[in-house]
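Remember, predicted model here, so these are calculated numbers, not experimental data.
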Amino acid sequence: MSSPASSPVERAAAALARLRRARLLHPAGRTFSAEVLIWGTPGPPTGVPLLDLPGRWPATVRLSKGVPTPGSWPDVLGVGIRLHRDPEPPVDLLASSSGAAPVLRHLPLPRRRFTGTYSSIMSFRAGRRRLYLAVLADPDSPELGRGLAELPAVAGDDGPRLVLAVASAVGPWRPFGEVRLDGRRGAREDAAPAFDPIGNVPPGLRVTGQLAWLRETTYRGSQRARGVVLSRAARRG
């Protein structure tokens, strides 16, 4: 998507991020190294290779609080996943705590615990189809806990897992992969990731609409204030 080089929304986002001296969105978080295993979409394929075809990639995962509220107070929680696909460009998947039902998957909902459903909130287009992506807490693995302080320092084979899923606007979630957290990274590494949910969308998907434009513009302003603004071409490399 394209937008003005410096729109009022982008300038406002940059000013607020400078005032906060941190990310404008989800400034408090914990970052993990991880592995993403894709087994493919059950049932009819989506037409998106990353979702339909088996694969395995190293990843960076960030769990975060949106405002953030103190301690374990309710907040809009977030999951950011970067798939490192060298030599191909990375893929960034961002999701916020939401409801699982179709009428709720496009609405961010505050929660206390890092469990439940995380939706992409904005929809994607794959051909003529509208799709949502989700990150789900795996009920068969240990819980992530309540609040950032309870997130595990070390994960591994017996640690928490996350499930990746896709759904149409009204259909059920269809799991297509999982995320295994390896080990937690330090504060400096947590400050480094600059996710690009618009430019690093999975190949075969595209974003449309005002919500996508607002997200792109806000992220760009926040990243500019942090000194990590890159050209779209550089981000994709």
Side-chain angles (χ1 to χ4, degrees), residues 26 32 34-57 59 61-64 66 74-83 85 91-146 155 159-181 195 197-198 200-212 215:
H26 294 267
F32 296 80
E35 181 182 57
V36 171
L37 175 65
I38 305 294
W39 54 70
T41 309
T46 64
V48 181
L50 185 72
L51 313 185
D52 295 337
L53 302 178
R56 187 188 297 265
W57 293 277
V61 174
R62 187 172 190 265
L63 302 168
S64 59
D75 202 339
V76 175
L77 307 179
V79 179
I81 303 171
R82 168 163 289 179
L83 277 63
R85 305 188 308 141
V91 164
D92 289 342
L93 306 175
L94 268 67
S96 300
S97 54
S98 67
V103 294
L104 296 177
R105 61 184 51 155
H106 65 284
L107 297 175
L109 298 177
R111 278 209 305 264
R112 290 180 180 272
R113 304 184 69 88
F114 282 90
T115 57
T117 300
Y118 295 79
S119 167
S120 57
I121 305 297
M122 66 178 182
S123 62
F124 300 88
R125 291 284 180 177
R128 296 183 178 181
R129 288 168 295 178
R130 186 154 61 105
L131 300 175
Y132 288 85
L133 299 179
V135 180
L136 314 174
D138 187 339
D140 296 326
S141 73
E143 288 193 6
L144 285 165
R146 177 183 296 180
R161 296 186 301 273
L162 302 169
V163 175
L164 302 176
V166 61
S168 65
V170 295
W173 294 114
R174 295 191 289 160
F176 65 86
E178 70 175 13
V179 182
R180 297 186 177 187
L181 304 180
F195 294 101
I198 307 299
N200 290 338
V201 67
L205 290 178
R206 66 184 190 279
V207 293
T208 59
Q210 288 300 309
L211 180 58
R215 179 174 251 184

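Side-chain contact between V166 and V48: absent, with no pair of heavy atoms (C-beta onward) separated by less than 4.5 Å. When side chains are defined from C-beta on, V76 counts as touching S96, because their heavy atoms get closer than 4.5 Å. V179 has its side chain out of reach of V135: every pair of non-hydrogen atoms, C-beta onward, lies at least 4.5 Å apart. Contact check for L83 versus V36: side-chain heavy atoms found under the 4.5 Å cut-off. For the pair P197/V207, no side-chain contact is recorded, criterion being any heavy-atom separation below 4.5 Å from C-beta on. With a 4.5 Å cut-off on side-chain heavy atoms, R113 and P74 do not count as touching. Contact of the W173 side chain with the T117 side chain is registered, since non-hydrogen atoms from C-beta on lie closer than 4.5 Å.
Here CG of L93 is found 9.0 Å from CG of L205. Values are rounded to the nearest 0.5 Å. One finds the CG atom of D92 at 10.0 Å from the CD1 atom of I81 (value rounded to the nearest 0.5 Å). A distance of 9.5 Å separates OG in S120 from CZ in R105, rounded to the nearest 0.5 Å. Rounded to the nearest 0.5 angstrom, L51 CG and W39 CH2 are separated by 12.5 Å. Separating the CH2 atom in W57 from the CG atom in L37 is a distance of 9.5 Å, to the nearest 0.5 Å. Here the CZ atom belonging to F195 is positioned 7.5 Å from the CZ atom belonging to R62, to the nearest 0.5 angstrom.
Remark: D138 pairs with R161 by the salt bridge (Lys or Arg N to Asp or Glu O under 4.0 Å) rule, at least two apart or across chains. Residues that satisfy the salt bridge (Lys or Arg N to Asp or Glu O under 4.0 Å) test with R56, not counting sequence neighbours, are E35. Residues that satisfy the salt bridge (Lys or Arg N to Asp or Glu O under 4.0 Å) test with R112, not counting sequence neighbours, are absent from this structure.
Put simply, the side chain of R129 never gets that close to the backbone of F124: no donor and acceptor are under 3.5 Å apart. Not a single donor-acceptor pair under 3.5 Å links the side chain of S141 to the backbone N or O of P160. Checking side-chain atoms of S123 against main-chain N and O of R130 turns up no donor-acceptor pair under 3.5 Å. Checking side-chain atoms of D52 against main-chain N and O of T46 turns up a donor-acceptor pair under 3.5 Å.
A cation-pi arrangement, defined by a distance under 6.0 Å to the six-membered ring centre and an angle within 45 degrees of its axis, is present between R111 and Y118.
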